[in-house]
Amino acid sequence: MRADRLVAALLFLQTRPRVTAAELAAELDVSERTARRDLEALASAGVPVYSQAGKGGGWSLVGGARTDLTGLTAPEIRALFLLTGPDATATNTNPQTRTALRKLVRALPAPLREGAEAAARAGTSDGTDWTGADTEEPRLAALQRAVVEERELRIGYARPGRAPSERTVHPLGIATKSGTRYLVAGTDSGLRTFRVGRVTSATETGAPAVRPEGFDLPTAWRALAARMEDRMVAATVRGRAAPGTEPLLEGLFGTRIRHGEPAPDGWTPVEIDGPSPEAVAARLAGLGARVELLAPPEARTALARIGAELTALYTEPAPDIPEAPPRAPAPAATRPG
């Protein structure tokens, strides 16, 4: 423990031109007397640290001496802090993680420290669910790099059911919500979110990104997420679900579904929040007769329309489709002679 504390004291000295024993004690969570003994131990061990008495005095490293304890490259450092982000310094995070990240920042040479701190501010995480997680995010690395290096981007973006479009954005951070990543960026219309898995291209324009003064990613994300969730609960649909359907419904709607007490026949009353009655009906269509919507009428009409379309499509036999040619057999493995 003493050795760890001495290393932490040395790293703390590297971050400031002069440190008092009281400041070091507060940083290491020890008594001022212990902090003073640690500083004296560093000096006795040959570390070029000296004390200056009087007003404005304290302990300093001679000539700004430094010790690089990391051996990490700049890309490795950015990747580490992107993974941990501001959550690593949050009060509810493992204390060892917070201490390790603080030590690492202090150990970095000055040219690398700024990039690490920028990367730590570039991500946030939100555990509540909206949709299923993305499985492929080919543009993630380019977006993360643009956030850290503050580069303006021209991105291609494909919304479901719409033709892909392009727009110029100022990347500000990456937020993770239940495994799905979102780019938070400034646009001509203000702050917006872009699902990373739907970004089809990301090209730097050569211009710097504009970062709003005092921008804080977790705060901005909470405001953006609240607006999104308000839109996702603009309508409430009421109905009833067959026994055993509850897990399926919770998988589809998460916290946006509420169950009542089961009726004598085993069916359970449900209320589901969504952006519109039609959107809720569309998500329920795959459950068939296991869920009956009762209100509003728009939800029942939407399900009836979907059912009629499926009936019309699948009543007739499927058209003949030419079979694909058989695959060539894989070459047999050969053993070296």
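Just so it is clear, the structure is predicted and the values come from calculations on it, not from any experiment. Residues: numbered from 1 along the sequence shown.
You'll find the side chain of Glu204 reaches within 4.5 Å of the side chain of Leu153, heavy atoms only. Within the 4.5 Å cutoff, the side chain of Gln144 has no heavy atoms near those of the Val196 side chain. Tyr157 is not listed as a side-chain neighbour of Pro164, based on a closest heavy-atom distance of 4.5 Å or more. The shortest distance between side-chain heavy atoms of Leu284 and Phe253 falls below 4.5 Å. Side-chain contact check for Leu172 versus Pro212: some heavy-atom pair is nearer than 4.5 Å. Looking only at side-chain heavy atoms (C-beta outward), Asp216 and Pro218 come within less than 4.5 Å of each other. A heavy-atom distance below 4.5 Å is found between the side chains of Ser60 and Arg18. Between Leu191 and Phe215, some side-chain heavy-atom pair lies under the 4.5 Å cut-off.
Follow the hydrophobic side-chain contacts under 4.5 Å out from Leu248 and you reach Val280 in the same cluster. Residues Leu303 and Leu287 fall within the same hydrophobic cluster, defined by Ile, Leu, Val, Met, Phe, Trp and Tyr side chains chained together at heavy-atom separations under 4.5 Å.
Using a distance-only test at 3.5 Å, with no hydrogens or angles considered, a donor-acceptor pair links the side chain of Glu23 to the main chain of Thr20. Between the side chain of Thr200 and the backbone N or O of Gly156, at least one donor-acceptor pair lies under 3.5 Å. Formation of a donor-acceptor pair under 3.5 Å by the Thr34 side chain with backbone atoms of Val30 is not found in this model. Using a distance-only test at 3.5 Å, with no hydrogens or angles considered, a donor-acceptor pair links the side chain of Arg283 to the main chain of Leu252. Looking at Tyr182, its side chain never comes within 3.5 Å of a backbone N or O of Gly173 through a donor-acceptor pair. Using modelled atom types, no side-chain atom of Thr245 and backbone atom of Ala241 make a donor-acceptor pair closer than 3.5 Å. Between the side chain of His170 and the main chain of Glu152, no donor-acceptor pair closer than 3.5 Å is present.
Taking all atoms of both residues into account, the shortest heavy-atom contact from Ala279 to Pro275 is CB-CG, 3.7 Å. Thr236 and Pro296 make their closest contact through O-CD, 3.8 Å (heavy atoms, listed as atom of the first residue, atom of the second, distance). Val184 approaches Trp221 most closely through the heavy-atom pair CG2-CE3, 3.9 Å. Listed here is the closest heavy atom pair of Ala146 and Pro171: CB-CG, 3.9 Å. Closest non-hydrogen pair, Ala299 versus Ala281, comes out as O-CB, 3.7 Å. Counting all heavy atoms, side chain and backbone alike, Trp59 lies closest to Leu13 at O-CD2, 3.8 Å.
With rounding to the nearest 0.5 angstrom, the CD atom of Glu292 is 5.0 Å from the CG atom of Leu294. Interatomic distance, OG of Ser51 versus CG of Leu39, reported as 9.0 Å (0.5 Å rounding). Note that CZ of Arg211 is 5.5 Å distant from CD of Glu150, once rounded to the nearest 0.5 Å. The distance from the CG atom of Leu293 to the CZ atom of Arg238 is 11.0 Å, given to the nearest 0.5 Å. Atom CD1 of Ile306 is separated from atom CD of Glu278 by 9.5 Å, given to the nearest 0.5 angstrom. With rounding to the nearest 0.5 angstrom, the OG1 atom of Thr187 is 8.5 Å from the CZ atom of Arg167.
A salt bridge is defined here as a Lys NZ or Arg NE, NH1 or NH2 lying under 4.0 Å from an Asp or Glu carboxylate O, and Glu40 with Arg36 fails to meet this definition. Salt-bridge formation is not detected for the pair Asp38/Arg33: no Lys NZ or Arg NE/NH1/NH2 atom is positioned less than 4.0 Å from an Asp or Glu carboxylate oxygen. Residues Arg258 and Asp273 are paired through a salt bridge, judged by an N-O separation under 4.0 Å between the basic side chain and the carboxylate.
If you check the side chains of Thr268 and Glu246, you find a donor sitting under 3.5 Å from an acceptor. Arg154 and Thr203 share no side-chain donor-acceptor pair at under 3.5 Å. Judged purely by distance below 3.5 Å, without hydrogens or angles, the side chains of Thr193 and Arg195 never pair a donor atom with an acceptor atom.
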Exercise for review: Take Phe194 and Leu143 through the side-chain contact (heavy atoms from CB on, under 4.5 Å) test and state the conclusion after the steps.
Suggested key: CA-CA 11 Å; Phe194 302 91; Leu143 298 178; over 6 Å; no
**Study point:** Test side-chain contact (heavy atoms from CB on, under 4.5 Å) applied to Glu250 and Ile257, step by step
**Key:** CA-CA 7 Å; Glu250 289 174 359; Ile257 184 167; 4.2 Å; yes
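Checking each of Leu140, Val199, Val147 against Leu183 for a side chain to side chain contact (heavy atoms under 4.5 Å, CB included) leaves exactly one that passes, namely Val147.
By the 6.0 Å contact criterion, CG on Asp265 is enclosed, its count of non-hydrogen atoms from other residues, nucleotides or ligands being greater than 12.
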